[in-house]
Amino acid sequence: MTSRRQKFAVALGVAALAVAGCSGSSGGDPGKIDVGVLVITMFDPENQVWLQREQLPTTVEVPGAYKPVRCNNDHLCVAETGQGKANAATTMMAILGSGKFNFDKAYFLTAGIAGTPPDQGTLGSAVWARWVVDFDLGNHLDPAEAPGVPFGYRPVEDYNTAAFQLDESLVDRVFDATREATLADSPEAAADRAKYPGQQDRKPTVMKCDTMTGDDFYSGKPLSDTARYIMDLRTKGQGAYCTTQMEDNATAAALKAHGYLDRYVSLRTVSNFDQPYPGQSVVDHIDHSTSGFELGLDNAYTVGRAAADYLLKNPPEK
């Protein structure tokens with residue numbers, strides 16, 4: 001009969017093999033998991049689509065992170081940060097500073113859903129950001145009380161996090177690697193689009209433009225126009241506002257603090273418009289999801305996985 005001591009030794013050996021298998025690199029630190037791509041999701045539906053479609057057997061608990069990180073032996077890891085800038089920053093700093101991962105050859109890929117102004121994107125489209133800009137920072141004034149201030153907004157200062165320009169070459173490469181991806185669409189999405197002028201007969205595509213981060217989930221054309229104005233100010237006319245989300249400036253700030261900003265790409269797929277259709281109230285608009293929600297989740301995985309495949313095959317040189 002096997003003794004308790006023998007059983008314990010066998011268990012230790014199995015555990016050691018499991019850790020070695022997760023490191024995935026003969027030259028890596030055996031105490032860390034080598035990461036090729038860290039996919040960053042923000043809330044459960046975005047995260048679940050990866051957990052359901054990928055084999056990610058390794059679960060890594062990270063103190064201070066919103067949820068555990070899941071990884072496989074192909075160096076693909078998936079994290080969920082929680083929604084909003086505070087959750088995103090806290091989780092990313094916890095993961096990056098945990099000492100549980102080797103990020104020497106890692107890329108970082110946000111894969112989540114977003115809103116869009118109806119004169120820019122459409123439901124289901126996949127958008128690679130060149131600029132990531134913060135909607136909240138600055139003075140937001142009542143336009144009626146400050147008629148001389150365009151959109152009631154003054155930028156004041158840049159706070160070191162108000163605008164991040166992502167690595168142009170990297171954005172171009174992932175765009176080129178994913179531009180022919182087959183995007184999901186539906187008759188229900190076509191019907192939702194048709195309620196907006198200029199949206200009829202549009203189809204989802206892979207695009208490059210720019211994303212706006214705000215903790216305030218806004219609805220209405222005046223706020224959409226404000227976002228466009230802030231994008232223009234913060235990027236000195238170089239950015240084009242076409243998606244709105246709640247986390248990417250925080251993610252970018254954490255990556256910059258750890259020296260990884262040049263390896264970061266932000267993918268946002270369109271789940272909704274940022275304003276109601278003619279005749280719809282802003283309350284009704286914000287309280288009712290559209291058929292774009294499921295399309296956005298599906299296409300975030302499709303395009304995100306294609307990007308991850310490309311990045312895993314083309315690791316950073318430095």
Side-chain angles (χ1 to χ4, degrees), residues 35 37-56 58-60 62 65-72 76-92 94-96 106-116 121-129 132 166 174 178 181 183-186 189 204 206-207 211-217 242-252 254-255 264-274 286 289-309 311:
V35 180
V37 173
L38 178 66
V39 176
I40 302 159
T41 66
M42 282 54 67
F43 72 128
D44 286 349
E46 292 171 343
N47 190 253
Q48 283 301 313
V49 71
W50 288 86
L51 301 189
Q52 291 166 0
R53 302 185 191 187
E54 296 291 331
Q55 295 296 316
L56 300 164
T58 302
T59 300
V60 185
V62 178
Y66 183 75
K67 290 281 184 72
V69 179
R70 301 286 296 274
C71 299
N72 64 24
L76 177 71
C77 293
V78 179
E80 181 180 345
T81 65
Q83 293 177 277
K85 286 181 279 188
N87 282 328
T90 300
T91 293
M92 288 303 298
I95 292 170
L96 294 169
Y107 288 106
F108 303 85
L109 164 63
T110 286
I113 60 174
T116 193
T122 197
L123 300 177
S125 283
V127 182
W128 292 105
V132 179
L166 304 188
V174 294
T178 60
L183 301 181
D185 201 3
S186 70
V206 180
M207 308 165 56
T211 194
M212 180 68 66
T213 305
D215 277 319
D216 183 8
F217 193 153
C242 70
T243 63
T244 171
Q245 40 69 35
M246 301 173 67
E247 298 85 14
D248 290 2
N249 275 74
T251 297
L255 290 168
Y264 174 53
V265 285
S266 167
L267 171 68
R268 290 287 180 166
T269 49
V270 176
S271 62
N272 60 279
F273 296 108
D274 69 357
I286 208 164
S289 62
T290 69
S291 54
F293 183 77
E294 293 299 330
L295 286 184
L297 295 175
D298 195 4
N299 290 337
Y301 173 79
T302 297
V303 179
R305 193 61 177 92
D309 286 343
L311 294 171

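FYI, the numbering just counts along the sequence from 1.
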* Asked: Is the shortest heavy-atom distance from the side chain of Y107 to the side chain of V35 under 4.5 Å?
  -> no
* Asked: Which residues pass the side-chain contact (heavy atoms from CB on, under 4.5 Å) test with V49, sequence neighbours left out?
  -> R53, Y301
* So, the side chain of E247 versus the backbone of G84: is there a donor-acceptor pair under 3.5 Å, distance only? -> yes
* **Derivation and outcome, side-chain contact (heavy atoms from CB on, under 4.5 Å), residues I95 and T81** => CA-CA 10 Å; I95 292 170; T81 65; 5.9 Å; no
* Structure fact -> To the nearest 0.5 Å, atom NZ of K67 lies from atom CE of M42 at 13.0 Å
* Structure fact -> Rounded to the nearest 0.5 angstrom, the CZ-CG distance for R70 and L56 is 6.0 Å
* **Interatomic spacing from OG1 in T243 to CG in L267 - rounded to 0.5 Å** => 9.5 Å
* Heavy-atom side-chain proximity of L76 to E54 below 4.5 angstrom -> yes
* To do: Using the test side chain to side chain donor-acceptor pair (under 3.5 Å), find all partners of T178 that sit at least two apart in sequence or belong to another chain.
  => W128
* Given side chains that start at C-beta, do those of D215 and K85 come closer than 4.5 Å, heavy atoms only? -> yes
* Provide the closest heavy-atom pair for V69 versus C77 in the form atom of the first, atom of the second, distance. => CG1-CB, 3.9 Å
* Asked: What is the minimum heavy-atom distance between G304 and W50, and which atoms define it?
  -> C-CH2, 3.6 Å
* Asked: At their closest point, which heavy atom of A114 faces which heavy atom of Q245, and how far apart are they?
  -> CB-CB, 4.4 Å
* Is it the case that D248 and T211 place a side-chain donor and acceptor less than 3.5 Å from each other? -> no
* Backbone of Y66 reached by a side-chain donor or acceptor of E80 within 3.5 Å -> no
* Asked: With T213, which of T251, T244, N249 fulfils side chain to side chain donor-acceptor pair (under 3.5 Å)?
  -> N249
* Is the side chain of D185 donor-acceptor paired with the backbone N or O of G124 at a distance under 3.5 Å, no angle test? -> no
* Minimum heavy-atom distance T116-V270, with the two atoms named -> CG2-CG1, 3.4 Å
* Quick one: pull up OH in Y264 and CE in M92 and give me the separation to the nearest 0.5 Å. => 8.0 Å
* **Pair V303-L183, side-chain contact (heavy atoms from CB on, under 4.5 Å): steps then yes or no** => CA-CA 8 Å; V303 179; L183 301 181; 3.5 Å; yes
* Structure fact -> L166 and A129 have their tightest heavy-atom pair at CD1-O, 3.6 Å
* L96 and F108, any side-chain heavy atoms less than 4.5 Å apart -> yes
* Could you give the distance from CG (N272) to OG (S291), rounded to the nearest 0.5 Å? -> 10.5 Å
* Asked: Got a donor-acceptor contact below 3.5 angstrom from the N87 side chain to the Q83 backbone?
  -> yes
* For residues T59 and P68, report the shortest heavy-atom separation together with the two atoms involved. => CG2-CB, 3.6 Å
* Could you list the residues that satisfy side chain to side chain donor-acceptor pair (under 3.5 Å) with S125, not counting sequence neighbours? => none
* Structure fact -> Sequence neighbours excluded, the answer for side chain to side chain donor-acceptor pair (under 3.5 Å) partners of T91 is none
* Asked: Judged by modelled atom types alone, do N299 and T269 share a side-chain donor-acceptor pair under 3.5 Å?
  -> no
* Asked: Among all residues two or more places apart in sequence or in another chain, which pass the side-chain contact (heavy atoms from CB on, under 4.5 Å) test with D309?
  -> R305
* Asked: How far does CZ of R268 sit from CE of M212, to the nearest 0.5 angstrom?
  -> 13.5 Å
* Taking only residues two or more places apart in sequence, or in another chain, which ones meet S271 in a side-chain contact (heavy atoms from CB on, under 4.5 Å)? -> I113
